[in-house]
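This report concerns only the one structure given below.
One-based numbering, in listed order, for ligands and for the atoms of each.
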Amino acid sequence: MPIEWNQESREFHLRNDRISYVVRVLENGWLGHLYFGTRLTEGRSYAHLVPGEFSGFDNRVGEPVPLEYPSSGSGDFRIPAVAIELPDGSSVLDLRYASHRTLPGKPSIAGLPSTYVEVGGEAETLEVTLADALAQIEVKLLYTVFRDRPVVIRGARIVNTGTTTLIVRCAMSASLDLPDSDWQLIALSGDWARERHVVRQGIRPGRQSVSSLRGASSAQHNPFVALARPATTEDAGEAIGVCLAYSGNFLAEVEVEPFGTARVRAGINPEGFSWLLEPGAEFATPEAILAYSAGGLDELSDAYHRLFRERMARGSWRDKPRPIVINNWEATYFDFDEPKLLAIATAAKEMGIEMFVLDDGWFGRRDDDSSSLGDWKVNTAKLPGGIESVARKVEALGLRFGIWIEPEMVSRRSDLFTEHPDWTIGIPSRPRTESRDQYVLDMSRPEVVDYLFDALSAILGSAPISYVKWDMNRNITEPFSPTLPAWRQGEFFHRYILGVYSLYERLTKAFPGILFESCASGGARFDAGMLAFAPQAWTSDDTDAIERLKIQWGTSMAYPLSSMTAHVSGVPNHQVGRITPLDTRAAVAYFGVFGYELDPTKLSPEDKAEVAAQVAFYKRWRDLFQRGRFHRLISPFEGDRDEAAWMTVADDARTAVVAHYRILNRPNSGPERLRLRGLDAAASYRVAIWTAAHGDDEDSPAPIELGGDVLMTAGLVIKGARMSATLGDFRARLYVLEAIP
Ligand code: GLA
């Protein structure tokens, strides 16, 4: 049993072979935190970790007593996990242990995405009920521990057990009190076209946070943070991850208080949030996935990768090889007709590509981005035979067919806006801010969700559609819903995302065979919550190979390769104008769900042959690229930022693909070695350089046999003493490793 209750010391010990999480009912009934880290011996008490009897903060005001779900107002001046306004306007709580139970498996959360179990005995959940008799509130804290994953999944349910309405002002998914603050905070921050860059900084006294108030998890900050010891590297040292399964406004915050301890909290952003809790009602937080690694960031990421791939993603596409896509966006933008699309599909098919995705512009009167969002009916001026005709012709060519949609939006110039102007988010007395010439639909209204479900079901059912790219291209301004009373406007943002989740839930249930990809101006809603509905996401609109090194490296901190769509696009690159070799563009895009975002009819015969070779190569190693164990080797964020390297290894360590990227060439530099990870030290590997480019790389030696031990200790020699200066910039080199039987 992974959850142990020690009646005598009133301790819960959640554990598996890798981690322990220990909490204790303190003397006054509050729930205290004792430990989260490497596995501890079972059957022992760890009560000494918080010395002294604790009967509340009486005469001990401000002491850093570690608590599991702290509130404020009775002596704890740190950031709270919960704040509830009581009928008299006060908000002091006294939440004491009332009962607990353990549940097999893991309960789901109504309306919210969550991890799940499939096999009996895979996980166990502890539910501890805390109660405030005076306030008539119960808080149920949930902790799930899996048998073999270094994660603890937390969440809270707040129940109004009284007879008067309460207002929840803050309800974090988790709060974690750490005994010291010798940590650095790692966050994934950026903006459009440079999402999830790794930012790592020491924490200092006071509060530091990342958050979103945009209505989406955002490109600016991701709902994932990690704490790493200053000495922690990719392959050594302690790290703790906190990741929210939530796609709306979030907060992830750390506070270092004067005694040098650190409190971490994560959940729905309390800024502007409130939730009216009527008698008998319950409010459930999204879940927070806490992970622990004593083996560096690599191991921390691996815990998230496996969990999200195996127990957050769901549906028929979860474990299936994902198809290689050609998307017409950068090839045509809005300027296409059926013959043009079929020419692209035909050329793509010749090169072995498997899925054609028709991007923006197929509906309403949409010839640019200023109209028609909301009118999910085919644009017959462009496609006289409708979606069905294109889809059937694409299928006849031997490719599957997919389409782009942006359900949550409405253009001012659209039939939907003319008919239902009130469905648009905004304050009736104020102007609405436009962005990309569009408004956001009020997804908190069930009739809006119903309309979208019907309109989109009609399209998806009308033709052989196998793939949907669900976009979301602007953030919410003037947040307000006329259907909510004044005192419920604080619920708006959460209700919005619940509406999005419910539409996703209904569409994925109604069309179980369709592969959904989420997207938001690139990767502006790339989060664990979305992965429950769409197992993959468009990583970024920035498809430049060099920019992608940083974006994919950062994204991989929390999210698996199977969730990252990565396409080869044309040059000069449409986002940064950079010209990189076709070989390099593919060498970056292989590490994810591969595809193309260019016009294949415009490629030279040599380039077509190269693309065909790339496609064949990806198919050969697809399982490694989508489901292999990913190891980050050389960071594009560190050192002189002139190189990067990573690799993916099969779980049985028999095969691996390693990539080394030279960003700017270095003249007359010395020999270089790359230390690999995750191989079988006892095995011998055949190491071959792979290139789809015509003509041989003058520096590529014939395949050689090397031991796994030497590759991981001394390293792979990636460059001899001298290298020709003619190789140029933006170069990549791929090595395929196969264990010799
Ligand atoms: C967003 C997406 C792009 C493309 C366009 C279409 O920017 O990220 O991939 O689909 O919208 O308008």
Side-chain angles (χ1 to χ4, degrees), residues 190-196 214-220 222 247 325-336 341 344 355-376 379 382 387 401-414 434-441 456 459 465 467-475 515-527 530 534 536-544 547-548 551-552 555 563-570 573-576 585 589 592-599:
D191 209 306
W192 175 78
R194 50 182 173 83
E195 297 91 337
R196 290 172 300 288
R214 295 164 183 264
S217 48
S218 88
Q220 287 68 25
N222 192 266
S247 314
V325 160
I326 177 112
N327 177 301
N328 74 308
W329 177 239
E330 291 198 359
T332 65
Y333 292 104
F334 294 101
D335 181 19
F336 59 80
L341 299 179
I344 291 174
M355 172 86 69
F356 174 85
V357 175
L358 172 53
D359 211 278
D360 196 353
W362 59 265
F363 50 91
R365 292 177 296 278
R366 192 150 165 102
D367 294 320
D368 55 38
D369 60 14
S370 70
S371 88
S372 303
L373 291 169
D375 299 343
W376 300 110
N379 178 339
K382 281 186 196 174
I387 287 291
F401 178 81
I403 53 165
W404 176 98
I405 55 174
E406 196 180 359
E408 300 150 69
M409 300 294 154
V410 62
S411 307
R412 192 166 25 79
R413 292 202 297 128
S414 67
E434 271 185 289
S435 175
R436 208 193 191 209
D437 286 305
Q438 65 198 54
Y439 301 127
V440 189
L441 288 172
L456 294 168
I459 276 288
I465 292 172
Y467 191 102
V468 165
K469 175 180 175 186
W470 177 319
D471 210 339
M472 194 282 295
N473 275 315
R474 64 155 292 181
N475 289 133
L515 171 57
F516 282 79
E517 173 185 84
S518 79
C519 173
S521 299
R525 202 165 58 185
F526 199 130
D527 56 62
M530 277 294 142
Q536 58 187 59
W538 182 223
T539 310
S540 175
D541 277 348
D542 195 336
T543 49
D544 172 67
E547 294 300 311
R548 274 293 179 118
I551 296 168
Q552 291 175 209
T555 305
S563 68
M564 275 187 243
T565 350
H567 292 177
V568 172
S569 60
N573 174 267
H574 292 202
Q575 290 74 36
V576 293
R585 281 174 269 153
V593 180
F594 189 59
Y596 289 82
E597 192 101 359
L598 44 69
D599 188 344

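A parallel orientation is assigned to the rings of Phe401 and Phe356, their planes being inclined by less than 30° (bins at 30° and 60°). Between His567 and Trp538, the ring planes are tilted. Angles from 30° to 60° get that label.
Atoms of ligand 1 lying under 4.0 Å from at least one heavy atom of Asp541, given by number and element, are 1 (C), 2 (C), 3 (C), 7 (O), 8 (O), 9 (O). Applying the 4.0 Å criterion to heavy atoms of Arg436 picks out, from ligand 1, the atoms 6 (C), 11 (O), 12 (O). For ligand 1, the atoms closer than 4.0 angstrom to any heavy atom of Gly522 are 8 (O). Taking every non-hydrogen atom of Asn473 and a distance limit under 4.0 Å, the qualifying atoms of ligand 1 come out as 1 (C), 7 (O), 11 (O). Per-residue contacts place Trp538 under 4.0 angstrom from the following atoms of ligand 1 (heavy atoms of the residue considered): 8 (O), 9 (O).
Contacts between Cys519 and ligand 1 below 4.0 angstrom, taking non-hydrogen atoms only, involve the side chain exclusively.
Side-chain atoms of Asn379 and Trp362, non-hydrogen and from C-beta on, never get closer than 4.5 Å to each other. Between Val325 and Met355 the shortest side-chain heavy-atom distance falls below 4.5 Å.
If you check which protein heavy atom lies closest to atom 4 (C) of ligand 1, you get Asp359 OD1, 3.4 Å.
Look at Glu517 and you'll find every heavy atom at least 4.0 Å from all atoms of ligand 1.
Remark: Arg194 pairs with no residue by the salt bridge (Lys or Arg N to Asp or Glu O under 4.0 Å) rule, at least two apart or across chains. Contacts of Arg366 classified as salt bridge (Lys or Arg N to Asp or Glu O under 4.0 Å), with partners at least two apart in sequence or in another chain: Asp360.
Ranked by closest heavy atom to atom 9 (O) of ligand 1, the top entry among Lys469, Met472, Arg366 is Lys469. Here the shortest heavy-atom distance to atom 12 (O) of ligand 1, taken over Ile405, Asp360, Asp471, belongs to Asp360.
Asp367 has a carboxylate O that lies under 4.0 Å from a charged side-chain N of Lys382, or vice versa, which qualifies the two as a salt bridge.
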